[in-house]
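Residue numbers begin at 1 in each chain, while the letters A, B, ... track the order of the sequences. This structure is a prediction, so every number in the text was calculated from the model and none was measured.
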Amino acid sequence: MNSILVSVLWGILLMYAGFLTKNKRSISVLAVVGAVAVLSANALEYMGLSFFDIDTKGMLFYNPYSYIFLVVIHASLLLYFLLSGTEVEETAATPSDHYALIFFVASGISIIAGFKSLLMLFLGIEIISIPLYVLAGSDKSNLKSNEAALKYFLMGAFSTGLMLMGIAFLYGDSGTFYLEGINMGATEMSPLKAIGGVLILASMAFKVSAAPFHFWTPDVYDGSPTVFTSFMATIVKSAAFFAFIKLFEGAFGKIQGQWQVLLAVITALTLIVGNITAVFQQSVKRMLSYSSIAQAGFMVMGIFAMNLMAKQGLVLYFAAYSVASIAIFAVLAKLKDHSVDAFNGFAKAHPLVAAVVLICLLSLAGVPLTAGFFAKYYMLVAVLKNGTMYWLPVLAIVCAAVSVYYYFRVIQAMYFKETEAGSVAEIQFSSSFKVIMVVCALLIIGLGIHPDWLMDLL
Amino acid sequence: MYAAFDNFPALLIWLPLVGALLSFFMRSETAAKNVAVLFSLLALGVVGSSLLYVDSKYQALNQVSYVWLPGLESSFAFILDGLTRTLCLLTAVSFPLIFLFIPVGKYKQPHVFYGLMMLTQCGLMGVFMATDALVFYLFWELALIPVYFLSSIWGGEKRIRATFKFFIYTFVGSLFMLIGIIYIYLKTSGSFNLINFYNAALTHQEEGWLFALFFLAFAIKMPLFPFHTWQPDAYEQSPTPVTMVLSGIMVKMGLFGLMRWLIAMLPHGAKAHQTMVVVLAVIGMIYASLIAMRQDNIKRLIAYSSIAHIGLMALGIFTFQQVAVTGVVIQMFTHGVNVVALWMVADLIERQTGTLSMSALGGIAKKAPNLAIFMLVFAFANIALPLTNAFVGEFMIFSGVYAMSPWWAAAAGISIILSAVYTLNMVKNVFYGEAAAAVQGFMDIRPLQSFVFVVLTVLIFFVGVYPGPFLSMIAETVSLIVNKLTGI
Amino acid sequence: MNKFVFLIPLLPLLGFLINGLGRNYLGKSLVSIIGSGVLLASFALSVAAFNWVNAPGFKPEVIFYFDFIHTGGLRIPISFLIDQLSVLFLLIITGVGSLIHIYSAAYMHEEAAPHFARYFAYLNLFVFSMLLLVMGANFVVMFVGWEGVGLCSYLLIGYWFGNNEYNKAAKKAFVMNRIGDLGFLLAIFWMIGQFGSISYMEVFAKAPTASVAVITGITMLLFVGAMGKSAQIPLYTWLPDAMAGPTPVSALIHAATMVTAGIYMIARSNVLYTLAPASQDLVAIIGSATALFAATIALKQNDIKKVLAYSTVSQLGLMFLALGVGAYTSGVFHVMTHAFFKALLFLGAGSVIHAMHHEQDILKMGGLKSKLPITHLTFLIGCLAIVGIPPFAGFFSKDEILIAALQKNPVYYVLAVATSLMTTFYMFRLYFLTFGGNFRGTDHQWSHLHESPFAMTFPLIALAVLSVVGGWIGIPTLFMEDAHRLSNFLQPVIAPPSEVHHLEHSVEWMLLGAVLTLVLVAILLAARRYGKNFKVENTETGLSKLLANKWYVDELYDAIVVRPLDALGAFLGRVIDNRVVDGVVNGVGKAVQFGGRQLRLLQSGQVGSYVLLMVASLIAFLILQLFWKP
Amino acid sequence: MQVMPINYYIFLSVALFTIGIVGVLTRRNAIIIFMCIELMLNAVNVLLVAFSKMHHLNAFAADQLTTVGTEAQLFVFFIMVVAAAEVTVGLAIIVMLYRNIHSVDINFLNRLKH
Amino acid sequence: MPLSEILFWFLTALALFSALMVVFSDNPIHSVLWLIMVFFAISGHYILMNAQFLAIVNLIVYAGAIMVLFLFVIMLMNMNTDAEPQKSQWMRIAAAVSGGALLLILVAALKDNAGAVSRTSGEGSIGLIRNLGKVLFTDYVLPFEISSVLFLSAMVGAVVLGKREKNSKPVNH
């Protein structure tokens, strides 16, 4: 609740800050302060200090799990601002408005971190989605950005329609919008509930870009300004996953066995499509888009399993995935050229940044001693613990091996290839940027060596 | 996690790790090299002292377990027993020798080079000593990553492709193993500890396919036919010090895994797949030997010869005989020593002539008689001549294989003959005959290199003549493993 | 005495180490003194050991040093066995070895100091290995020595490593030996499996408990080992090629000692062979066939050393024949006499080669008896000994073999006699072509011809004396009752055949006379053909061409073994490994890439098709959820 | 007022929904597609109100003062709210695109593919 | 047949027909008008179900505000001509097939849904503005406030997108 309030207020503050100052830098600083404020507000509430106390009629309820999830999200947000602040300033005509939108999204995330009613889910998702449509199209003179925005908007609205239809059917079945109410009742699914479940599953799959509802993802991520792609692909996607698991655990937890087949199909398709298609990509940005689908495949496994292991692991996955991706996107945003070859000789020109990118890529690939390994590990344990469909983890690791192929192409370019014209050498990285990058690397390695630092909180 | 320093396993993990970090921060090459040599020698000292404290009353010195992830019931648990002591000794002996052997100025960014090498050593030690499946897996990968970078940065022309193939290949294998580990973990009373893994409640059918998961990882790492195709390219393209580590020590990870983490853990699975592995091993031995006969590049020849030798060791393990498995442990050590020695000779040749193609070489013995003599020793150790180290292992392995099946022993024995053919071919083409154009300016070995070679030679003959101490050190551990399989 | 036995092999090892490590620092004379000295010391110790063994009341003694391998029910000690058989071989090895070392000091004097030292080091190492072979108290120690001598043989054949032909010969020798070694090794494993031990004592004691089939298998495998080491069909081709090494090496290794290791092995395991008649038959058949076959080849060889080499193969065949027919003592006896006269012949040949400045073609020699009197005389004694003219050493040993063969099977006898006659013919062909007739070389060679120094002639003389008297320790009962002292000496190790049905003495005398007559005829034939009136014929036709080309066996092996294997290796490497095995791996990668290229086409960029695909998936999901009941 | 099976409403709603989907699939004009999506939302609204009524009446039999069903009608209200917000942004995007390419044909949106 | 039932069928038919016309009209303006027609029909249904508040809001918000906005935009773009090119034939067939399949499946799944039947659709008064308003501002005050954030963001977004940047002109790349 604290974080909803603070992020909304900070959004409004930034909105007006645009009138007060034209200095983009100070607006970025304000945004960073805002992220810290949101983070600390949430942390305070986690520790028991709530700014206000209202009766939500049970529509919002936060448990430690939600709080830790929000801590991860807000920390990622902070890192994102720190690393990509300058890009926001450059990309956006009015950074204050864009920051405001991001803070509104953050408030939406805070809402879905605690929703107990489908109404709040719906509102939360819309509060997240609508600013994103705008952010995707924020490079207004760029046709790719326009295209991304319109595609995202049309398909997003369509998926909202599916979700609402699903909600309607669920309501028709149970007469309530509360998750507990939906979860009660017969252990055999009625047709109404089944249809509602499938529809809402489809729309959630859409939001987390799980196949076969992923088609918007590569185009939108590719077309949007890189700095906002970073935001969409990491923080927002994590939030969507959180909503996903919260919804399915809350509303369908009792009848898990009856929809697991669908999720298995989704997982398999997502893994295959994401990984196999990423292999072909020549642009790192588009490769990362597909990789985000591939990573989603692993996360869907957590929803498929939906046991304690999966729930804990998902938060770790969010952290691992978000931090690594934010860092890589931050570097990518500084490169003019997004092709793999643009990274040639990067390690020689910028050894420190290259090392961090390396660690991030290793983490994405799931190499041990990085957070990404334990993230994937938890997912595998969760699925195996589930006790059915052993082919799923096998498929997952085969796909993880495939993922090594495209992640390592970047590593190979950075470390083993020579640059042609010194293009990478021209890029400047400020020392503060480097410091934050190192922090990212340390986070990844720290969680890779001792994930219990995070897991113990859950 | 917060390992103290009053026991050997922890020291063996920490010393290389600290050495690696220090090396990374050294500015000059000599400093980096000195740090690497110093810390690897310290590690050798630790292994050496552990040989003096084998008695069970020193268990506290040789065994350690620190809680790492209570949530996952995993702990940093390591042990030094007969098996691991042998392999750690191999690791600890090889690294300083390899470091000493590297010439100054050969590799750019030397501090990174030495740092990565030390990191590899840390990974290897961890793999060998781990008694916690998750820790085992972590170190398994930790050993892989630095080697990948070493090979890819400092390797030959086609390094990127070759090493990447190597990486993907082994990574795929290890991921399958990860699935297996998790599955067994879920079937234990809730712990990654080796003992619990041994006692996991698994049906025979489960053991069967779990075997496949683990076996794949190990077979790729060894590598066993037909999972070997990464190996010749990787060996050829890697910088020679890395090749030494790869073929001398890293392939032992696979064999070690077979012993500690496969046959003892899944005895029924192992029994069920015995024939398959035996067939693969024997085919691989003959196959690789035949190919080795026709190789022109020395590195590729040694690579294929290595495949044949590894095949023999895999065969030995899958006899499930005490004698053979003990022989394999000895052989792991000796093969490491011998193959490192061979690579060193190959490296010297490449350094001076710029080629490793046998058709371009010849007559080195005239120019460098000392080198030739060492080479002869190493070559005959590779052939497993009696009184060299390899004979002991091969004899024991074959004796076990024969006890399992005379026919397989006879078939595998063909590789004994072929090994003489290709090894002597190499000696003949490279060292004998008239001096070729490429070797005109060939210099004989220098004192430091001689020292390295002398150490290796002493190892070759010591183990070859008096393997008793090694055997008694290994025996207990091996019988623990083999006993799991008897009576099934 | 048993406390000093270890010194017998250790001294040569020490010599090897000193000469080997100090090869750049020691002078040639010092090297030769060390090299020969250690051997003489060994010889002295061997004599002492002989006395010890020969003393009444001696029991064969196993001297244990340490466990080589001891684990899991397998125990292989390093231990020596001192008994009559091993002591006999000790004497031969160290005795002949010493002489050859002394000879070498002069023969190899032209070599540069480091190489000279290397040569002596190798030679010492060889003696060490050979001693290990004969002194070992179990099959593994024997095997250690067995492979060790193979190594030294390899090193010494390829001593002049600048010449690639020599290197090839060295490699061939080692590889062929390895083939045999595999058989030996398998036999050892079988014995471990069958008897749980590889010590002679235990194996022989337990042998009667095993089935005949098992013993037959073991002995046949052992014999495979012997075939390789002792150059029997089909593994004999390396020995003639081995003549690439320095001549003293040929004398020591490829005539006197190493090649007889196979005979030693079978004689040592006579207990086993006696239990396995089938193996005995095999040994006899292979032996007699080799004897005859090699003799035919020797008829047409022109290289002085090649003739002797084939003669060696042939004589080894005779020895195996003896073993095969159960006359183990005769075999060992022939080993001994053969060591004397064949070493003598080789050293004589060496002297000739030395004088002729490394000319080995006998067609370019002739009439050397005037220039090389001592060599000539001793060589002649050697020839007489090998063809079996009484009272030279060869007569007694060969006669024993012939009689034993006859007793077993007349076919063996006929083969052996034929071999003897051919031996006579080619040996005297060699003798006459070398020493008789007119000189056929260049004038320059003729003017430089001179007798060898004393260091070379002394061993010749010593061996000549032994070739004369060496046979007298085995005078058969035909001449003197109970005069076969060798047989008596070896009795504790080699039990005499249980059922002996002696031939009538009159029959023996008759056969003896007939054979001797034939031998003399052969000598005369050779003298007629290759004596004074000999002219070099350039064209060889028919059978003689076949013989001159050694029955094309090398070419046959090349065609049926070497080249197919090479081709197979190339095929496996280039096609199977690169295309098939690696192809599958790369194929997986390619398939993934291909899949990526195809799958991305789904990503058409069209919102309409995206939505259509989503709706279609939705329909599929609905069907799956609502209507699909597993 | 007479008996009206809930299924009729469901079918009506589903039919409208399907028509909306078909519209999204068949049309190329972004605005019309958007309108079809609005149609889908309205289908949802109808269904929600119908269900609201149904549940209300089920509860009504027991308790005359029940407020069961209110939530669905409020949900419809929120859907309308959100739809309005969505329309704002959506039309802004469409106008922006139109400014750049002078077309709202979605088939022209194919710079991003594969 | 009672009046309400006649009304039900009439409104249903009207709604479906208008909806189809929305999809199949070539002229965008006609589509908008047909959509407004759908909204009217739906509002009629709301009234039948005694949800007067929603019926009014539907007309005011949807038909009144949103549709006018649509109309405004369409006219702004001068799109009254039926210039829109048709989608390819197979796409239309695929759309029809999948739409039909979806409908079929849903109907097939729900045809046995005896679940609940609206006995008399006139009872109860929750659809009245008084009741709804009371609940909205008591129990649902939180979502209500939150939806203000939604509007805020939509507003900011519209401003961001709509504001013409200085010196910016359409670039084709």
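- Side-chain contact between Met80(D) and Val57(E): present, with at least one pair of heavy atoms (C-beta onward) separated by less than 4.5 Å.
- Met77(E) is listed as a side-chain neighbour of Ile31(D), based on a closest heavy-atom distance under 4.5 Å.
- Considering only heavy atoms from C-beta on, Asp139(E) stays 4.5 Å or farther from Leu74(D) through its side chain.
- The choice from Glu38(D), His55(D), Met35(D) that makes the most heavy-atom pairs within less than 4.5 Å of chain E is Met35(D).
- Rounded to the nearest 0.5 angstrom, Leu103(E) CG and Ile19(D) CD1 are separated by 8.5 Å.
- When every heavy atom of Gly99(E) is checked against every heavy atom of Val22(D), the shortest pair comes out as CA-CG2, 3.8 Å.
- With a 4.5 Å cut-off on side-chain heavy atoms, Leu41(D) and Tyr62(E) count as touching.
- Looking at Phe8(E), the atoms closer than 4.5 Å to chain D (heavy atoms on both sides) all sit in the side chain, from C-beta outward.
- Interface residue Val38(E): only side-chain heavy atoms are found under 4.5 Å from chain D.
- Across Tyr140(E), Phe24(E), Tyr46(E), Phe53(E), the residue that shares the most heavy-atom pairs under 4.5 angstrom with chain D is Tyr46(E).
- Within the 4.5 Å cutoff, no side-chain heavy atoms of Leu11(E) are placed close to those of Leu12(D).
- The side-chain heavy atoms of Thr70(D) and Asn131(E), taken from C-beta on, include no pair separated by under 4.5 Å.
- The shortest heavy-atom contact between Arg27(D) and Asp26(E) is NH2-O, 3.8 Å.
- The shortest side-chain heavy-atom distance between Phe70(E) and Val87(D) falls under the 4.5 Å cut-off.
- Here the closest non-hydrogen pair linking Pro28(E) and Ile32(D) is CA-CD1, 3.7 Å.
- The shortest heavy-atom contact between Asn42(D) and Phe39(E) is ND2-CE2, 2.7 Å.
- Here the closest heavy-atom approach between residue Ala84(D) and residue Ile66(E) is recorded as CA-CD1, 3.9 Å.
- Contact check for Leu54(E) versus Asn45(D): no side-chain heavy atoms found under the 4.5 Å cut-off.
- For Val32(E), the parts lying under 4.5 angstrom from a heavy atom of chain D are both the backbone and the side chain.
- Residue Leu69(E) touches chain D through both its backbone and its side chain, counting heavy-atom pairs closer than 4.5 Å.
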